[in-house]
Amino acid sequence: MDFYKRAALVCQQIPRGKAASYGQIALLCGKPKNARQVGYALSHGLAGEDVPAHRVVNAKGILSGAAAFATADLQKQMLQHEGVEVFWTEDGWRVDLKKDGWKNTMEDALYLREEFSKKGI
DNA sequence: GCACTGACGCGGG
DNA sequence: TCCCGCGCCAGTG
């Protein structure tokens, strides 16, 4: 499914030290309703192994489990290593999207659109 | 083809 | 702001 290839490209555009939400990824893929599929793709490695899946969280900034990581807090550690603040809440580990959320620019969108057409996806 | 599931999102109360 | 319910759609059995 081309959607997954797009998701992979989008994830790779997330800058170091930033975090993006599933809905945001889906939106940039041109499928605003496919947030769930983004999660599915990453958890099953359908987007490839070289994508920074640790920078993808849900809309609330929660690190939704560690389904695709070797250890439970690997995702948290990688984010902290990149300079992202990670807070512990009763819901789990959370990042401050206000501060460390990826604010995708028009350039990002245009670049992605170009890559999509270039790769025919 | 049908029903159920899931790393989700959003609007309404 | 928090909580709840409904919507979504690709995969899977």
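Because the structure is predicted, anything quoted here is derived from the model rather than measured.
Proximity of Y4(A) to the phosphate of dG11(C): a side-chain N or O atom is located under 4.0 Å from OP1 or OP2. A close approach under 4.0 Å does not occur between any side-chain nitrogen or oxygen of S21(A) and OP1 or OP2 of dC8(B).
The nearest whole Å value for the distance from the NZ atom in K60(A) to the C1' atom in dG9(B) is 9 Å. The interatomic distance linking L42(A) (CG) with dA10(C) (P) rounds to 17 Å, in whole Å. Computed from coordinates, the N58(A) CG to dC8(B) P distance equals 6 Å when rounded to whole Å. Across the protein-nucleic acid pair, R94(A) atom CZ and dT1(C) atom P stand 11 Å apart, rounded to whole Å. Rounded to whole angstrom, the span from the CG atom of L97(A) across to the P atom of dC10(B) amounts to 12 Å. Rounded to whole Å, atom C1' of dG11(C) lies 13 Å from atom CZ of F3(A). Atom C1' of nucleotide dA10(C) and atom CG of L46(A) are separated by 10 Å, given to the nearest angstrom. Rounded to a whole Å, the NZ atom of K31(A) is 10 Å from the C1' atom of dC9(C).
Within the 4.5 Å cutoff, no side-chain heavy atoms of L110(A) are placed close to those of D108(A).
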Candidate pair V51(A) and Q12(A), rule side-chain contact (heavy atoms from CB on, under 4.5 Å), full reasoning: CA-CA 6 Å; V51(A) 297; Q12(A) 289 169 351; 3.8 Å; yes
CA sep, side-chain torsions, deciding dist, call: H54(A), E82(A), side-chain hydrogen bond (donor to acceptor under 3.5 Å, both in side chains): CA-CA 11 Å; H54(A) 61 280; E82(A) 295 184 349; 3.0 Å; yes
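In this structure, K18(A) is not positioned above the aromatic face of W102(A) in the sense of NZ or CZ being under 6.0 Å from the six-membered ring centre and within 45° of the axis.
Looking at heavy-atom distances under 4.0 Å, A53(A) makes contact with a base. Counting non-hydrogen atoms under 4.0 angstrom, V38(A) reaches nothing in the nucleic acid.
Nearest heavy-atom pair, R55(A) versus I14(A), reported as atom, atom and distance to 0.1 Å: NH1-O, 2.9 Å.
Of the candidates dG9(B), dC8(C), dT12(C), the closest approach to any side-chain atom of Y40(A) belongs to dT12(C). Side-chain proximity of Q37(A) to dG9(B), dC8(C), dA10(C): nearest is dA10(C).
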